[in-house]
Number of protein chains: 4
Amino acid sequence: MDNPILNLGLVGAGRIGRVHAEHLRHSLADANLVIVADAKETAARDCAERLQIPEHTTDFRRVTDHSGVDAVVICSPTDTHLEVIKAAAAAGKHIFCEKPIDSDLGRIDQALAAVRKARVVFQVGFNRRFDANFRRVRKAVVEGEIGTPHQLHIISRDPAPPPIEYVKQSGGLFTDMTIHDFDMARFLVGDEVVQVYATGAALVDPRIGEAGDLDTATVLLEFAHGAVGVIENSRRAVYGYDQRVEVFGSGGSARIDNNYPNTAILSGAKTVRRDLPLNFFMERYLASYLLELEQFIEAARRCGPSPLSGEEGRIPVVMAIAARKSWELKRPVRLVEIG
Amino acid sequence: MDNPILNLGLVGAGRIGRVHAEHLRHSLADANLVIVADAKETAARDCAERLQIPEHTTDFRRVTDHSGVDAVVICSPTDTHLEVIKAAAAAGKHIFCEKPIDSDLGRIDQALAAVRKARVVFQVGFNRRFDANFRRVRKAVVEGEIGTPHQLHIISRDPAPPPIEYVKQSGGLFTDMTIHDFDMARFLVGDEVVQVYATGAALVDPRIGEAGDLDTATVLLEFAHGAVGVIENSRRAVYGYDQRVEVFGSGGSARIDNNYPNTAILSGAKTVRRDLPLNFFMERYLASYLLELEQFIEAARRCGPSPLSGEEGRIPVVMAIAARKSWELKRPVRLVEIG
Amino acid sequence: MDNPILNLGLVGAGRIGRVHAEHLRHSLADANLVIVADAKETAARDCAERLQIPEHTTDFRRVTDHSGVDAVVICSPTDTHLEVIKAAAAAGKHIFCEKPIDSDLGRIDQALAAVRKARVVFQVGFNRRFDANFRRVRKAVVEGEIGTPHQLHIISRDPAPPPIEYVKQSGGLFTDMTIHDFDMARFLVGDEVVQVYATGAALVDPRIGEAGDLDTATVLLEFAHGAVGVIENSRRAVYGYDQRVEVFGSGGSARIDNNYPNTAILSGAKTVRRDLPLNFFMERYLASYLLELEQFIEAARRCGPSPLSGEEGRIPVVMAIAARKSWELKRPVRLVEIG
Amino acid sequence: MDNPILNLGLVGAGRIGRVHAEHLRHSLADANLVIVADAKETAARDCAERLQIPEHTTDFRRVTDHSGVDAVVICSPTDTHLEVIKAAAAAGKHIFCEKPIDSDLGRIDQALAAVRKARVVFQVGFNRRFDANFRRVRKAVVEGEIGTPHQLHIISRDPAPPPIEYVKQSGGLFTDMTIHDFDMARFLVGDEVVQVYATGAALVDPRIGEAGDLDTATVLLEFAHGAVGVIENSRRAVYGYDQRVEVFGSGGSARIDNNYPNTAILSGAKTVRRDLPLNFFMERYLASYLLELEQFIEAARRCGPSPLSGEEGRIPVVMAIAARKSWELKRPVRLVEIG
């Protein structure tokens with residue numbers, strides 16, 4: 001029988017952690033958030049107070065070892081994920097972990113081994129899979145509405161580059177930004193990528209180039225069964241957050257447009273115009289953060305399976321490493337070269 | 001100084017009452033819902049339990065007279081509004097009242113007199129004014145983006161007629177459904193309607209005609225300064241809830257389309273297609289229910305003014321009565337004929 | 001057997017006459033334009049020279065009596081139509097006549113009697129029926145794609161008012177401009193209008209009001225079987241020629257948008273925008289002028305029937321007269337009042 | 001002074017030749033088509049008779065040497081272009097030549113040398129540059145509406161593959177189909193491509209693969225100044241001819257959609273839908289064939305310059321050869337490797 005209510009602990013009360021906390025507290029009837037941890041005491045306390053969470057702590061082990069906790073939501077910095085995952089898995093807690101699991105494949109493998117050994121439910125936070133637009137495209141593929149996928153095109157552009165300090169420690173465009181698109185490519189086409197070819201440059205901000213990174217990239221993906229995908233990234237679309245895809249297949253195509261704050265069309269003496277699309281991910285993808293957690297809670301209450309396993313979460317990291325290598329070597333790179 | 005938190009009582013725990021209760025409980029940080037009343041004991045208790053509201057009752061006077069209550073949200077049946085308004089006003093509570101205030105102008109005037117005497121904040125629940133699409137059109141008018149309004153066109157169609165029993169006690173199409181559009185017409189154009197001409201018939205369901213009502217109506221509105229508006233209503237649009245408007249003016253036009261569950265366009269061998277629009281008002285207008293309450297809470301905390309006064313809430317009732325008369329007499333009816 | 005080639009004469013070499021001449025000369029393989037008449041000698045000669053038409057004249061009777069002419073295309077001023085129709089019919093020529101046949105119902109009846117007596121093919125130039133957009137909506141109605149029509153909405157706005165001198169002798173907005181929409185209303189719904197109610201004013205140019213006319217009108221049409229239609233007219237839409245319709249029925253709706261010079265969408269830092277729609281009827285409806293003539297030629301070669309008979313061409317004139325009367329009397333007017 | 005009328009001869013009366021002949025005969029007032037040649041006598045004669053062209057011949061030299069001919073329009077098979085160009089240039093005739101000039105770079109260079117020596121006007125028939133949609137995007141780039149181009153995306157898909165016999169002698173997808181997109185890429189971005197990477201396979205029809213060609217291709221283009229472009233080709237889009245582009249730049253983006261036969265949107269109980277786009281190039285690009293010839297005639301009458309020179313026409317052939325090589329070698333190929 002399903003557990004009636006899932007008791008959860010949150011590790012990490014930063015921006016995305018607070019979004020999850022809010023959803024757990026207010027929007028998910030089957031969830032009960034009992035404790036929040038953050039390395040910064042004020043962050044943990046503020047979050048607990050605002051959302052009336054019974055306990056807070058600076059020590060994540062008080063969450064993973066908490067006897068009243070069934071599942072842990074991990075939103076702490078990426079380099080802490082492994083340690084928290086190991087502790088939670090050892091304590092038999094189900095785990096929701098923000099993406100990426102880690103930036104190092106060896107450490108990811110350690111995490112996944114711990115999860116497998118503990119037989120807990122594990123879900124990675126690639127939230128876009130839970131967005132209504134992308135889900136509709138996926139549905140079109142799954143239900144045969146467009147036949148066999150032949151070509152994929154993903155546009156993924158941010159409204160403005162992050163601060164240069166962030167860029168420097170982000171792991172680079174492919175790891176920080178394209179990783180969502182790598183996951184989406186596999187999800188939409190339903191096939192594995194075998195080779196990537198990445199091009200691009202720092203066209204938006206020269207300081208990003210000086211930091212050894214790029215801000216504008218076009219990545220070509222070759223799938224196992226012959227489909228080819230393209231990802232177009234930019235750190236700055238002046239018109240706002242640009243998130244569109246198109247899958248073309250033997251039986252038709254499915255494409256999605258951006259989301260807009262309203263549907264108003266204004267016709268004047270010079271142009272016909274509308275307002276800009278929703279500006280950034282918190283507005284654009286808010287509902288997807290709720291839905292991914294709702295599905296995690298369902299999975300945890302049933303003890304599995306997860307809609308987005310650790311093994312699936314590993315592959316976009318491989319792709320990001322391959323893309324970086326391709327860009328540096330200026331040649332296509334096969335994923336088997338990465339491991 | 002603003003009150004830090006507004007304490008509210010809810011009267012009526014039906015469908016719309018529960019939506020407001022949910023918002024008060026979870027989404028509005030400045031609100032504290034302390035008591036819920038419903039004539040049905042189970043409805044009151046269920047609502048209180050699910051949302052952890054401290055008190056519940058079958059007697060609305062326990063809400064209006066509650067010493068810990070600053071404001072009352074009235075979602076009980078329309079014919080009870082007057083009594084609850086009088087009690088709440090007498091007790092000095094601010095009042096949010098679902099539309100319409102009443103179907104009888106004399107009773108509306110009693111309610112408004114009580115509110116004026118008590119000097120409390122009063123807001124009517126014409127939620128569509130708080131919808132992002134309609135607000136954008138209103139903004140276009142207010143900011144001169146389309147010049148002086150000359151023509152208005154409102155499409156307002158439901159996905160399916162309500163049960164015939166509901167229709168029989170609803171007061172008729174103009175009072176039950178068009179009333180939203182009457183309010184919207186004044187809101188968007190920013191002028192008063194002086195005459196209406198209503199046409200239509202029962203084309204969707206003959207039982208509606210047998211009940212003396214119509215299910216398909218086109219209403220022509222003449223405004224004081226020369227603009228003309230048209231409202232098209234139907235009780236059944238097979239493609240779902242159809243809510244669009246266009247304002248045409250000396251400097252351009254603003255129009256809005258329906259909202260859709262996703263932006264996906266599917267191109268196949270026969271057609272290019274998309275999914276149907278959001279099906280009905282709970283999905284389509286959910287955000288507007290939240291925003292109207294948020295603005296009420298702000299107004300109540302500042303002790304006014306209300307964004308949608310009782311005087312404004314009275315006029316659409318006059319228009320509905322005039323439209324009914326026009327339809328029965330088959331001639332244009334001036335609002336001054338109604339009172 | 002069909003006649004292999006139809007020999008035509010043109011009466012009237014003004015703007016629309018030259019469009020037809022061009023089409024007859026260059027685009028319609030089954031047509032042979034042998035003579036052009038215009039009361040102005042230079043107009044007739046210029047047209048003949050530019051298009052290599054063998055003969056030209058200032059006397060329309062040389063066209064109607066021409067032994068080598070099978071059919072006459074009448075593009076002369078409206079008040080000359082009757083005389084030319086009588087002459088052409090008497091000579092047994094098929095007749096294509098620009099709209100309206102006449103502005104006086106008695107004179108129209110004389111023309112139609114002459115045509116009937118002569119048993120020639122007669123077609124009226126309501127070109128919009130031959131436009132791809134309107135035809136698609138009509139097809140949707142005819143083929144049951146939207147069920148039984150319940151509501152019709154026509155938007156028909158010009159980019160700018162004509163010179164005031166033109167307005168003064170035009171017969172007024174309803175006869176000059178709305179007449180196209182009256183024809184379209186019947187065509188799209190496939191039913192007869194029994195009553196009209198016309199409202200409006202001179203909101204664009206006060207001189208139009210001083211001339212006893214209006215420049216902004218909303219006309220409500222009641223059809224025999226319960227459908228209701230609305231026409232919105234304006235002499236000035238600052239964004240260009242605005243030609244849209246929507247038919248709503250028991251099984252769905254069909255709507256058309258304007259035509260644009262290109263499909264480009266430009267996203268910038270302020271708005272998402274596109275260019276204005278095609279500016280006026282010569283650009284917007286050019287293809288329809290060709291198609292109506294092509295169908296006339298087919299009909300004439302087969303000796304009938306016409307796709308748009310004189311009887312059909314008479315009704316919009318009745319509607320225009322009724323609309324004018326409604327506007328003046330400020331009440332609905334039944335078409336049977338007009339005759 | 002401009003020549004008042006340009007006398008032209010046509011070489012090649014196949015499909016595209018007849019389109020040009022029709023335009024020269026009927027739509028271009030400044031053109032006079034005096035002779036048509038085709039290797040097939042019936043083709044030449046039929047064309048001449050239908051369009052009342054004074055002379056016809058099976059010998060192209062009667063056109064190039066014709067004393068009454070100012071300019072030659074070459075629509076004969078690609079492998080005859082060189083010979084006709086040489087003859088026309090030697091006779092001092094201006095030349096409009098269908099694309100590609102030749103499939104061999106050495107032969108193209110011979111043709112261009114002949115043209116340069118004769119100092120005649122030479123224009124290549126990449127008609128899409130003259131299409132209203134593409135021109136609008138180019139205008140956006142030129143006028144700075146979207147800043148500096150960073151990314152380009154071209155979708156170019158045919159409704160169905162040509163007969164396998166055609167495929168076998170077509171020179172392959174890149175030469176036959178993508179060549180238009182190669183030209184478009186340079187035109188829209190306004191920069192030179194330095195490297196291409198071509199991927200793809202025969203996913204639509206295995207016989208195309210057996211013939212050593214591909215029917216589905218994604219080609220990545222790297223421009224001299226850092227922009228990156230992508231071309232997506234397919235021989236079969238089941239929904240029809242798919243011709244879209246998007247240019248993304250530092251200041252915004254410009255994108256174009258397909259052209260449709262009408263603007264009708266049909267909303268039914270299952271979906272909201274519209275008709276398929278215009279099916280193939282003769283419908284979709286008809287106006288561009290007219291405009292390119294109109295501009296050639298203008299250029300020839302002024303004795304230059306051509307809007308699309310032979311040097312420009314050579315580059316897409318280089319790109320097609322490079323793409324083929326890239327596809328065969330499975331690595332990026334620099335254009336300088338080709339020559």
Side-chain angles (χ1 to χ4, degrees), chain A residues 133 153-162 177 181 203-205 215-218 230-246 248 253-281 283-285, chain C residues 133 153-162 177 181 203-205 215-218 230-246 248 253-281 283-285:
Chain A
N133 291 353
H153 182 225
I154 296 178
I155 291 171
S156 177
R157 298 178 180 125
D158 283 354
M177 183 171 165
D181 310 308
L203 301 177
V204 170
D205 185 342
D215 53 33
T216 304
T218 303
V230 174
I231 298 167
E232 291 189 85
N233 288 142
S234 172
R235 286 285 195 186
R236 190 182 67 207
V238 297
Y239 47 86
Y241 200 38
D242 195 4
Q243 299 281 300
R244 292 173 285 152
V245 307
E246 179 159 356
F248 170 80
S253 83
R255 68 173 188 271
I256 54 173
D257 195 2
N258 286 312
N259 284 2
Y260 287 81
N262 59 65
T263 64
I265 303 288
L266 292 117
S267 299
K270 301 281 185 190
T271 62
V272 175
R273 68 190 190 281
R274 67 178 307 178
D275 290 344
L276 296 179
L278 291 179
N279 192 253
F280 211 11
F281 65 98
E283 296 160 275
R284 170 66 186 81
Y285 286 122
Chain C
N133 290 353
H153 183 224
I154 296 178
I155 290 171
S156 177
R157 298 178 180 125
D158 283 354
M177 184 172 164
D181 309 308
L203 301 177
V204 169
D205 185 341
D215 54 33
T216 304
T218 303
V230 173
I231 299 166
E232 291 190 85
N233 287 143
S234 172
R235 286 285 195 186
R236 191 182 65 207
V238 298
Y239 47 85
Y241 200 38
D242 196 4
Q243 299 280 300
R244 292 173 285 153
V245 307
E246 179 159 355
F248 170 80
S253 83
R255 68 174 188 271
I256 54 173
D257 195 2
N258 287 311
N259 285 2
Y260 287 81
N262 60 65
T263 65
I265 303 287
L266 292 119
S267 299
K270 301 281 185 189
T271 61
V272 175
R273 67 192 191 281
R274 69 178 306 179
D275 290 344
L276 296 179
L278 291 180
N279 193 253
F280 211 12
F281 65 97
E283 296 160 276
R284 171 66 186 80
Y285 286 122

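Convention: sequence-line order gives letters A, B, ...; per-chain numbering from 1.
Gly268(C) approaches Tyr239(A) most closely through the heavy-atom pair O-CB, 3.1 Å. The two residues Arg273(C) and Thr271(A) have their closest heavy-atom pair at CD-CG2, 3.9 Å.
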Could you walk me through whether Val272(A) and Leu276(C) pass side-chain contact (heavy atoms from CB on, under 4.5 Å), step by step? CA-CA 6 Å; Val272(A) 175; Leu276(C) 296 179; 4.1 Å; yes
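Put simply, of Ala269(A), Pro277(A), Ala237(A), Gly240(A), the one with the most heavy-atom pairs under 4.5 Å next to chain C is Ala269(A).
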